Amino acid sequence: MPIERLIDIYEELARRGRLGAGGPTLCVVAAEFIGVSGAGVAILPSGGLMTSLCTSDGVARALMDLELTVGEGPCVDACSSDVVIAEPDLDSPQAPGWVSFAPLALAAGAQAVFGVPVRIGAVRLGALSLYEQHTGSLTESQSSDAYLMASVVGRAVLAHQAGAPLGSIEHELARESPFDYAVHQAAGMVAVQGAITVGEALSRIRAHAFATEATASALAGRIVFREIVFDALSREWRETWTTTR
Amino acid sequence: MPRESLLISTLVELADNLVDHFDVIDVLTVLSDRCVEAIDVDAAGVLLASPQGDLQFIASSSESIRTLELFQIQSDEGPCVDCYRSGTAIVNRALGDAEVLWPRFAPMALAHGFRSVHCLPMRLRGRTIGTLNLFRTEQGPLSDEDAVVAQGLADVATIAIIQHRSAMDARTLNDQLSHALNSRVTIEQAKGKVSQATGCGMDAAFDRLRAHARSHNARLTDVAEAVVTGAFEPSALDLGAAERSSRA
């Protein structure tokens, strides 16, 4: 029952406080929800370098710092992947790719690490990293929870970028479907209208929806019907009153 | 084309598509189109369950079906939802007397001109991963033959989902489902860009992406991703086949 699972996440996030950037709540909930020792979230600002958004504990923070320093590891790989990156045993790695990362991650206290891509279509927002203090793969239900959590993280990152007031994010997340196709079509349209990336368009749509107290879905519908456009020069939204199509 | 030749050519086309690196959305769209040609139905669509178990639209033979499928997902009501939950086929269900069963879906489907519906589960190792949904504008039952062919095509759809790109890296079923659904989102983003840049509708945008992928022997999702990331300009899409066939 996925909807109930999702509601569990939102309630837990709300109970624990806000989703502020740098705040550990999102990562603590991710780790508990998926059932792993710890978690971290790295984001990819458009055109920028991967940075840490939050970590659930000291080991997760050490692992994240390590990845950012040596430039390899599950988060780095997940950022350019579309499936979960798994290393169930850092001691005898299946794919010996992380020459610098693996021994240092072991020393930091992790035995197994996983990277879950955080992406919305072709927009890569970052990755969710998970670690375990013991060896072993994620179970099927853990991997499905990891994908669900990554979609929550993706929307939290977008809402945060869009400047959603802290405290409204959980509410926004709860009423928005990740598979609202009009929002994705609208993001493509707005990217062309404003000569911006699709990722920025997704965030602009949310920002305008917050500002006008509409849902992103309702605004997207109006964009697709060409009732409102994002102006490239003024960087503002403009209602269109023409009846021509 | 006689029915048997049509079926054979459909299976050959799908088998061709299932080798090497194929695009799951493209194959499922082909499958939906071929259902309409090979079976006595008027529209077809495929819904896929996310790793968490909620149904999502993935491919269809027409836009009106897409609307009906999305409506079922949003209202959590309808034959596809029931078929997914029970894991058993729903065949020959007349929509005219289904208002008690589906008070919101039945009137909407009737308004779209459909009179009967069939939903076939896509099953894999005891787990239902989606449904193949067939709509008819006539009320009469599907022939036994059609019912067998339809379930066969649903099985092919299942194979398409679990096979795609699996030769390249070992993936779990959750990876496959997540990848397929994310592909659909990428394609929607690309459709938006193409539609805005070239002034065409969303359907035409999809046809253009697909035609370009085919004429360049590329995967639909890869073309869509290149459009979304800006590596490829929407105006540079090869209009080729889509435009030609729509004019013919």
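Here is how names work: the chains are called A, B, and so on, in the same order as the sequence lines, proteins then strands, and each is numbered from 1. If you're wondering where the values come from, they're calculated on a predicted model, not measured in any experiment.
- Judged by distance alone, the side chains of S234(A) and D231(A) do bring a donor and an acceptor atom under 3.5 Å apart.
- For R226(A) and S195(B), the side-chain atoms include at least one donor-acceptor pair closer than 3.5 Å.
- Interface remark: V229(A) contributes no atoms to any contact with chain B (heavy atom separation under 4.5 Å).
- Classification of the W98(A)-F101(A) ring pair by plane angle, with boundaries at 30° and 60°, yields perpendicular.
- Top candidate by heavy-atom pairs under 4.5 Å with chain B, chosen from M189(A), R124(A), Q193(A), is M189(A).
- Annotation: cation-pi pair R66(B)/Y181(A) present, NZ/CZ under 6.0 Å from the ring centroid and within 45° of its normal.
- When heavy atoms are compared at a cutoff of 4.5 Å, I223(A) does not approach chain B at all.
- Other residues, nucleotides and ligands place more than 12 heavy atoms under 6.0 Å from the CZ atom of R235(A).
- Proximity of the aromatic rings of F135(B) and H118(B) is defined here by a centroid distance below 6.0 angstrom, and this criterion is not met.
- The parts of R119(A) that come within reach of chain B are both its backbone and its side chain, each placing non-hydrogen atoms under 4.5 angstrom from that chain.
- Neither the backbone nor the side chain of A186(A) has a heavy atom closer than 4.5 Å to any heavy atom of chain B.
- In terms of non-hydrogen atom pairs under 4.5 Å with chain B, the most contact-rich of G121(A), P117(A), A86(A) is G121(A).
- Put simply, of K193(B), Q189(B), K191(B), the one with the most heavy-atom pairs under 4.5 Å next to chain A is Q189(B).
- Looking at A190(B), neither its backbone nor its side chain comes within 4.5 Å of chain A, counting heavy atoms on both sides.
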